[in-house]
Amino acid sequence: MVAQDAVKWLQRDNAIRSKGRPVVSAWHTGTAGIIKNEGAELSLFNTSRVGMTEKTELLFRIGEEWILPNVGIKHRWWENDRFRLSSEHHLYYTWPLLKILQKTQIKDLIPDTVPLNHGIAMRNELLFSWLMNPQNSGCPDPAAEKILTLRAGVEFYAGQSNKQIQPFDWFHTLYHTRIFQNEVLYYGGLQFDSYFSRAFHYSVNALYYSIGFTEDFAAESNVRLTYYVSRRIGISASCKAAYMKISESQSTEMVDVNTPTANYTRKNQFSILPLLDITYLIRPDRGEIQHGLFRNRKKMR
């Protein structure tokens with residue numbers, strides 16, 4: 001005879017023989033969550049994360065490293081059962097990218113006669129996440145975590161500006177590169193993260209960018225779906241869509257001897273960028289193995 005009180009749901013502890021999928025956590029890139037300090041999440045194009053301490057992680061983008069050396073840090077300042085507050089601080093060394101563009105002369109962005117100055121692009125972002133459905137410990141079939149994140153940040157350039165460097169007008173980077181002309185980029189928006197089937201993670205965000213709180217703006221949406229084919233490897237498909245309304249200087253006229261006046265035109269641009277990516281997990285939260293659950297029945301005599 002088996003007593004009802006003796007029926008309990010317990011997790012298996014046989015990690016060596018388990019062939020289960022990773023436990024897919026919704027604390028993804030772009031949320032206020034911090035990866036474990038002994039783990040890492042390495043991606044080719046998405047932000048890679050390496051745990052440093054319980055509250056801090058190192059950030060970098062592998063795909064941009066050779067043309068745009070970068071490093072960042074994210075720190076969690078406050079948390080409770082449902083809310084987390086973190087900040088990200090990222091640095092980009094821009095000279096290699098500008099030099100490559102000058103040599104290739106893509107759309108004559110940077111003429112050969114323009115001297116390139118060394119400088120650093122800085123991005124600071126505040127992340128406030130809300131865990132909409134906290135998990136109940138011991139639940140045999142937990143619901144997928146749902147996390148809503150408020151993101152707000154500022155991006156600027158620390159270095160000598162150069163008006164001869166034209167804003168980039170391909171893909172979604174035009175409004176970012178206005179910082180080379182001492183423009184300040186402000187942005188904010190929302191991101192939603194969750195998962196399904198314990199192997200699929202998805203992330204959706206919508207961001208609004210303003211260049212110095214002027215009439216120049218951009219709206220961007222990103223969708224990313226990641227399927228974890230094993231405990232360590234995930235394959236992602238993402239799509240970025242952006243709409244921009246930017247004023248560009250076309251020519252300069254001399255109204256008088258001492259006062260040059262630039263003529264500006266409004267430029268509307270819409271672009272879509274699909275992308276495939278791969279992620280490698282090193283013992284992060286999402287790299288823990290789901291061993292499954294079984295019933296522990298104790299016979300009562």
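Below, all heavy atoms of this structure are taken into account, side chains as well, without hydrogens, waters or symmetry copies.
Looking at S194, its side chain does come within 3.5 Å of a backbone N or O of E145 through a donor-acceptor pair. No side-chain donor-acceptor contact under 3.5 Å links D216 to the backbone of T214.
One finds the CZ atom of R283 at 8.5 Å from the CZ atom of R232 (value rounded to the nearest 0.5 Å). From N46, atom CG reaches atom CD1 of I278 across 13.0 Å, with rounding to the nearest 0.5 Å.
In this structure, the side chain to side chain contact (heavy atoms under 4.5 Å, CB included) partners of I73, at least two apart in sequence or on a different chain, are T56, H89. Every residue two or more places apart in sequence or in another chain was checked for a side chain to side chain donor-acceptor pair (under 3.5 Å) with D81, and none qualifies. With sequence neighbours left out, V50 forms a side chain to side chain contact (heavy atoms under 4.5 Å, CB included) with A40, L42, L58, F60. By the side chain to side chain donor-acceptor pair (under 3.5 Å) test, S48 is found to be paired with no residue, residues two or more places apart in sequence or in another chain being considered. Taking S238 as the reference, nothing meets the side chain to side chain donor-acceptor pair (under 3.5 Å) condition, with sequence neighbours excluded. Every residue two or more places apart in sequence or in another chain that forms a side chain to side chain contact (heavy atoms under 4.5 Å, CB included) with S210 is listed here: Y208, F213. With sequence neighbours excluded, no residue forms a ring pair (Phe, Tyr, Trp, His ring centres under 6.0 Å) with W78. In this structure F45 satisfies the side chain to side chain contact (heavy atoms under 4.5 Å, CB included) test together with L275, D277, sequence neighbours excluded. Residues that satisfy the salt bridge (Lys or Arg N to Asp or Glu O under 4.0 Å) test with E79, not counting sequence neighbours, are R76, R84.
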What donor-acceptor contacts under 3.5 angstrom involve side-chain atoms of residues 91-99, with partners at least two apart or in another chain?
unit_1	atom_1	unit_2	atom_2	d
Y93	OH	H118	ND1	2.5
T94	OG1	G119	O	3.3

Output a table of donor-acceptor pairs, distance under 3.5 Å, between side-chain atoms of residues 147-159 and any protein atom two or more places apart or on a different chain; print 'none' if there are none.
unit_1	atom_1	unit_2	atom_2	d
T149	OG1	S129	OG	2.8
R151	NE	E125	OE2	2.5
R151	NH1	Q191	OE1	2.8
R151	NH2	E125	OE2	3.1
E155	OE1	R123	NE	3.4
E155	OE1	H176	ND1	3.1

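With contacts defined as side-chain heavy-atom distances shorter than 4.5 Å, the pair E65/N70 qualifies.
Looking only at atom types and distance, the side chain of K240 has a donor-acceptor partner in the side chain of N222 under 3.5 Å away.
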field: Verdict with supporting geometry, F270 and Y243, ring-ring contact (aromatic ring centres under 6.0 Å, His included)
entry: CA-CA 4 Å; F270 179 78; Y243 172 77; 7.1 Å; no
query: Could you go step by step and tell me if M244 and Y209 meet the side-chain contact (heavy atoms from CB on, under 4.5 Å) rule?
result: CA-CA 9 Å; M244 293 155 284; Y209 296 83; over 6 Å; no
